[in-house]
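Since the structure comes first, as structure tokens, the remarks are kept for the end.
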Amino acid sequence: MPELPEVETICRTLRAGFPTSPSLIGLTIIDGQIFWPRSLETPSVAEFSDRISGQSINQINRRGKFILITLSRDTLLIHLRMSGDLFTEQGNVPIATHHRMVINFQNGLRLAFNDPRKFGRVWLVSDPETVTGGLGPEPLDENFTAVDFFGRLRASRRQLKALLLDQSFLAGLGNIYTDESLHLAHIHPLLHSQNVTEEQAARLLVSIRQVLNDAIQRNGSSIDWVYRGGDFQNYFRAYDRDGHPCPECGTIIQRIKVGQRGTHFCPQCQRLP
DNA sequence: ACGAGCGCCTGTCGGC
DNA sequence: TGCCGACAGGCGCTCG
């Protein structure tokens with residue numbers, strides 16, 4: 001469940017709360033349980049519960065694809081990777097098959113980290129920068145300009161698709177939203193970043209923001225068994241649409257491999273020079 | 001500096 | 001029906 005719009009949707013849900021999912025802000029932690037030790041990056045499983053016990057939740061934010069839960073003394077960071085999910089539930093229901101961690105609260109609620117593929121990771125640290133320090137800029141940050149973006153692109157010599165997936169270049173894009181952004185911007189995924197024009201860079205940044213904002217508006221994308229109520233998957237332009245007509249020109253969307261990742265594009269709208 | 005390949009994991013789907 | 005490989009929203013590592 002893992003790109004920026006889905007993570008943003010999860011943070012918003014945990015923060016604001018709904019009748020079916022009360023807000024976590026202000027809740028006090030009784031203890032934490034780890035069911036798959038490798039899901040916990042730091043500290044040790046032995047230290048985790050003692051250290052988190054008694055702290056309360058002050059804030060819930062997102063940085064790139066990381067969920068940051070600011071506690072009284074520490075920060076709990078969660079990265080969902082490929083199949084992770086984070087939600088509240090009543091503290092008395094049985095622990096589900098793929099739960100890797102739960103946090104129990106004084107009011108009887110529980111925060112559950114569910115992750116079938118076990119790729120997700122949890123950190124409990126005093127300084128979140130030690131985890132997120134290597135991330136690139138936030139694409140939706142208004143202080144990040146097209147000029148900045150162009151400069152960063154020109155400083156690299158990589159294929160655009162691979163570069164946009166690199167979290168130290170830009171934080172938050174994954175396979176879906178990279179394909180969607182490049183299609184909206186009419187830029188080929190294999191174009192090398194040092195050949196991007198200033199006009200293309202500006203167009204790509206606008207496209208990235210439009211795609212991310214549209215997806216956030218729709219609560220992200222729900223695919224396969226990982227369902228969160230988002231419906232952006234019904235508005236995909238290119239991702240997972242190989243063999244289907246391009247929504248703009250009708251040409252059949254193609255699928256290639258770029259850096260091990262399935263990549264979808266329109267050979268008519270997105271041309272290499 | 002960059003790309004390819006692999007490991008980490010479970011579940012689903014299509015082909016035979 | 002069953003088996004088997006390919007594939008999936010990510011990312012860190014090693015090796016040329």
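Everything numeric in this text was worked out from a predicted model, so none of it was measured. Within every chain, numbering begins at 1; the chains are lettered A, B, ... in the order of the sequence lines, protein sequences first and strands thereafter.
Side-chain nitrogen and oxygen atoms of A/R261 include at least one within less than 4.0 Å of the OP1 or OP2 phosphate oxygen of C/dG10. Between A/S156 and B/dC2 there is a side-chain polar atom (N or O) within less than 4.0 angstrom of OP1 or OP2. A/H192 has no side-chain polar atom (N or O) that falls below the 4.0 Å cut-off from OP1 or OP2 of B/dC2. The side chain of A/K118 places no N or O atom within less than 4.0 Å of a non-bridging phosphate oxygen (OP1 or OP2) of B/dC8. Phosphate contact (OP1/OP2 of B/dC8, side-chain N/O of A/R121, threshold under 4.0 Å): absent. OP1 or OP2 of C/dG10 has not a single side-chain nitrogen or oxygen of A/H79 nearer than 4.0 Å. Regarding contacts with the backbone of C/dG10, a side-chain N or O of A/K65 is found under 4.0 angstrom from either OP1 or OP2.
Within the 4.0 angstrom heavy-atom criterion, only backbone atoms of the sugar-phosphate kind lie near A/Q159; the bases stay farther away. A/F232 comes within contact range of no nucleotide atom at all, as no heavy-atom separation falls under 4.0 Å. Backbone-only contact: A/K257 has heavy atoms under 4.0 Å from sugar-phosphate atoms and none from a base.
Stacking is not found between A/F119 and the pyrimidine-like six-membered ring of the B/dC9 base under the 5.5 Å centre-distance and 30° plane-angle cut-offs.
Using a 4.0 Å cut-off between charged side-chain N and carboxylate O, A/E8 and A/R12 make no salt bridge.
Atom-to-atom, CD of A/E3 to C1' of C/dG10 comes out at 9 Å; the value is rounded to the nearest Å.
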